[in-house]
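Every chain is numbered from 1 and lettered A, B, ... according to where its sequence line falls, protein lines coming before strand lines. Since the structure is predicted, the reported quantities are computational estimates derived from the model, not experimental observations.
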Amino acid sequence: MRLTKYFLPILRETPAEAQIASHRLMLRAGMIRQASAGIYSWLPLGYKVLRRIEQIVHEEQQRAGHIPLLMPTLQPADLWRESGRYDDYGAEMLRIKDRHQRDMLYGPTNEELITDIFRSAITSYKDLPLTLYHIQWKFRDEVRPRFGVMRGREFLMKDGYNFDLTVEDAIHAYNRHMVSYIRTYERMGLKAIPMAADTGPIGGDHSHEFLVLAPTGESAVYYDRAVTDMTLGDRAIDYDDRGQVSEIVATWTGPYARTDERHDPAAFAEIPEERRVEGRGIEVGQIFFFGTKYSEPMKALVVNEAGERVPVQMGSHGIGVSRLVGAIIEASHDEKGIVWPEGVTPFHAGIVNLKQGDAAADGACEAIYAGLRAAGLDPLYDDRDERAGAKFATMDLIGLPWRVTVGPRGLASGVVELTSRRTGESEEMSPEAAVARLAGIYAGVR
RNA sequence: CGGGCUAUAGCGCAGUCUGGUAGCGCGUUCGACUGGGGGUCGAAAGGUCGUGAGUUCGAAUCUCGCUAGCCCGACCA
């Protein structure tokens, strides 16, 4: 993309309403614009990041064998009356009447709808196990939305639901989700730690939430440093291999890691002091096993091998997709702006032409731009007629992980500069070498 | 939902106390000089002062209502 043809409404000054870094930077970098309290438009740059995160979530869910579908945002109230949650959910649920005075609601989650879909189609244990998921907008009418997309009323969430015959099968689904989540967050450059959690209004028996470590996080967290040293990496995972999956879960949930709600100071004190860490975290996902909480009242039954009709064992599993955009920025920024991890960056690299209109500089930039695109990358070429300082400031603000700086001075000796946003380190090389280097860097990014 | 606060140009703000018909910086447009970290000079455009009513010869300014937004707390992917 050429910047002169793009829509990137960056702000030089910080809007007064933004209190935390991610909100401030998302507004300044032209990623979002508030429509009303807790409701945002996603401008092109923000939308690209959102889509990249969504794509990673899709890839990892499907790798784990989960099936995508799409349910609507508006749901009929009757389904919620069946589960008993229409009255339980309270004012957080946005209730709407259609023209026929039918009670509708903007879905805050989808257990009822998915259970209805399941029961209408599946009646035999032979069709299990099954995990369905979607990525769809949710609405929860928060009393006090704040922190930009971190705590919006409308938010994009991946929510998945497993249907299994036995508790053991459902626990495997739970474990499968945990492993796929660990990998998902890793691909986004995040350190997200599973922590035992309360089940809240969704209910159920076990639950973990995933906390991204960031100093501005909403929750106080206590953990053994051992959890932050673990990496799943690229290892081959067979999601049908219960032994392998449960072993990974055991490894990741072994060390002490709790939010303040579940904190046990006595157990924490037993960790060697040098490994004890008190920090803050942002919740970016949660998994639940809740058995027959919905299948029983909503009569989602299957016939088992013995010919008996039994309620399916279920769980639900969520990733806060739109919240992740903010969480990643909280975890990765500096005083100049955002620092995107390669896995989610809106553009792979920025090209800064220091002297627009200079034949050599223009030519070299065009060649690099074409070269990067030919290599399958998505570069952002700053071809505005701006001074170098303004271009650098823009690139730093929007946080592309790599920048190719092209100017007449360097070109005189045949070189351009490749700079890492994270470290600030630059290296001079030929334009061709810069393209090859970037292609190599991204070949290693899943 | 309790407590506090705000609303004036795209953004950041002054002007309100003490009523006289709206201003500054950034950004934008045009011109010139510039050109490796938000450069300089000159010119210009841009505002129903959130909204409704009231007081007054006259309201951004005073009074009352309403709406929207923000912050602290309690609650949440």
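Using a 4.0 Å heavy-atom distance criterion, Gly318(A) is classed as making no nucleic acid contact. Within 4.0 Å (heavy atoms only), Asp396(A) reaches at least one base atom of the nucleic acid. Contact annotation for Gly152(A): base contact, defined as any heavy-atom pair under 4.0 Å involving a base atom. Counting any heavy atom pair closer than 4.0 Å across all strands shown, Ser36(A) reaches sugar-phosphate atoms only and no base atom.
In this structure, CD1 of Ile398(A) is placed 18 Å from P of G38(B), rounded to the nearest angstrom. The separation between Asp260(A) atom CG and C76(B) atom P is 12 Å, rounded to whole Å. To the nearest angstrom, P of A74(B) lies 11 Å from CD of Glu218(A). Rounded to a whole Å, the CG atom of Leu397(A) is 15 Å from the P atom of G38(B). Spacing between atom CD of Glu142(A) and atom P of G73(B) amounts to 15 Å, rounded to whole angstrom units. Regarding Asp358(A), its CG atom lies at a distance of 12 Å from the P atom of G36(B), rounded to whole Å. For the pair Met157(A) CE and C76(B) P, the computed distance is 15 Å after rounding to whole Å. For the pair Arg151(A) CZ and A74(B) C1', the interatomic distance rounds to 11 Å; values are reported in whole Å.
Counting atom types as modelled, Arg144(A) pairs no side-chain N or O with a base atom of C76(B) as donor and acceptor under 3.5 Å. Looking at Arg146(A), its side chain has no donor and acceptor atom pair within 3.5 Å of the base of C72(B).
If you take atom P in U67(B) and the same atom in G52(B), they sit 15 Å apart, rounded to whole Å. Straight-line distance between the P atoms of C75(B) and G69(B): roughly 23 Å, to the nearest whole Å. For the C1' atom pair drawn from C17(B) and G2(B), the interatomic distance equals 30 Å after rounding to whole Å. Here the separation of A43(B) from U6(B), taken at their P atoms, is 37 Å to the nearest Å. Between A9(B) and U28(B), the distance separating the two C1' atoms is 11 Å to the nearest Å. Of the C1' atoms belonging to C13(B) and U51(B), the separation is 23 Å, rounded to the nearest Å. The same atom, P, is picked in C41(B) and in G25(B); the two are 11 Å apart, to the nearest Å. Rounded to whole Å, the P atom of G50(B) lies 15 Å from the corresponding atom of A59(B).
Nucleotide C17(B) forms a pair with no other nucleotide shown, judged by Watson-Crick or G-U wobble geometry with both contacts under 3.5 Å. Under the Watson-Crick and G-U wobble criteria, each requiring two contacts below 3.5 Å, nucleotide G65(B) is paired to U51(B). Here G46(B) sits opposite no nucleotide as a Watson-Crick or G-U wobble pair (both hydrogen-bonding atom distances under 3.5 Å). The partner of C11(B), taking Watson-Crick or G-U wobble pairs whose two distances both stay under 3.5 Å, is G25(B). With a cut-off of 3.5 Å on both pairing distances, the Watson-Crick or G-U wobble partner of C41(B) is G31(B). Judged by Watson-Crick or G-U wobble contacts below 3.5 Å, the nucleotide A74(B) has no partner. If you check A59(B) for Watson-Crick or wobble pairing at under 3.5 angstrom, you find it has no partner at all.
Looking at residues two or more places apart in sequence or on another chain, you find no side-chain hydrogen bond (donor to acceptor under 3.5 Å, both in side chains) involving Asp260(A). Applying the side-chain hydrogen bond (donor to acceptor under 3.5 Å, both in side chains) criterion to Tyr223(A), with sequence neighbours excluded, gives no partner residue. When the side-chain contact (heavy atoms from CB on, under 4.5 Å) test is applied to Ser120(A), no partner is found at least two apart in sequence or on another chain.
For the pair Leu411(A) and Glu92(A), nearest-nucleotide mapping onto RNA chain B gives the more 5' position to Leu411(A). Between Pro15(A) and Phe147(A), the residue whose closest nucleotide on RNA chain B is further toward the 5' end is Pro15(A).
Picking from C70(B), G12(B), G36(B) the nucleotide with the shortest atom distance to the side chain of Gln34(A) gives C70(B). With G37(B), C71(B), C76(B) as the candidates, the nucleotide lying closest to the side chain of Phe392(A) is G37(B). Side-chain proximity of Ala37(A) to C70(B), A74(B), G38(B): nearest is C70(B). Candidate nucleotides A74(B), C76(B), G37(B) were compared by shortest atom distance to the side chain of Val143(A), and A74(B) ranks first.
Contact annotation: Arg12(A) does not reach the phosphate of G38(B) (side-chain N/O to OP1 or OP2, under 4.0 Å).
A cation-pi arrangement is present between Lys48(A) and Phe347(A) under the rule of less than 6.0 angstrom and at most 45 degrees off the ring axis. Taking the ring centre of Tyr86(A) as origin, the terminal cationic atom of Arg95(A) falls inside the region bounded by 6.0 Å and 45° from the ring axis.
Using modelled atom types and a 3.5 Å distance limit, the side chains of Thr345(A) and Arg52(A) yield no donor-acceptor pair. Side-chain atoms of Thr109(A) and Glu111(A) include a donor-acceptor pair closer than 3.5 Å. Inspection of the Glu330(A) and Ser22(A) side chains reveals an N or O donor paired with an N or O acceptor under 3.5 Å.
At distances below 3.5 Å, at least one donor-acceptor pair connects side-chain atoms of Ser420(A) with backbone N or O atoms of Thr423(A). Side chain of His208(A) to main chain of Ile287(A): no donor-acceptor pair is present (N/O by atom type, distance under 3.5 Å, no hydrogens or angles). When atom types are taken as modelled, the side chain of Arg119(A) and the backbone of Met298(A) share a donor-acceptor pair closer than 3.5 angstrom.
For the side-chain contact (heavy atoms from CB on, under 4.5 Å) with Met26(A), the qualifying choice from Leu45(A), Ile329(A), Leu43(A) is Ile329(A), the only one to do so. Tested against Tyr174(A), the residues Arg176(A), His172(A), His177(A), Met178(A) include a single side-chain contact (heavy atoms from CB on, under 4.5 Å) partner, Met178(A).
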Could you run down the sub-3.5 Å N/O contacts of the protein with nucleotides 3-10 of chain B?
none

Between protein and nucleotides 32-35 of chain B, what N or O pairs are separated by less than 3.5 Å?
| unit_1 | atom_1 | unit_2 | atom_2 | d |
| --- | --- | --- | --- | --- |
| U34(B) | O2 | Arg387(A) | NH1 | 2.6 |
| G35(B) | N2 | Asp385(A) | OD1 | 3.2 |

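Below 30°, between 30° and 60°, or above 60°: for Trp137(A) and Trp42(A) the angle between ring planes is between 30° and 60°, a tilted geometry.
Nearest heavy-atom pair, Gly424(A) versus Thr419(A), reported as atom, atom and distance to 0.1 Å: O-CG2, 3.9 Å.
For RNA chain B, the neighbouring residues in residues 20-32 of chain A, judged by any heavy atom under 4.0 Å, are Arg28(A).
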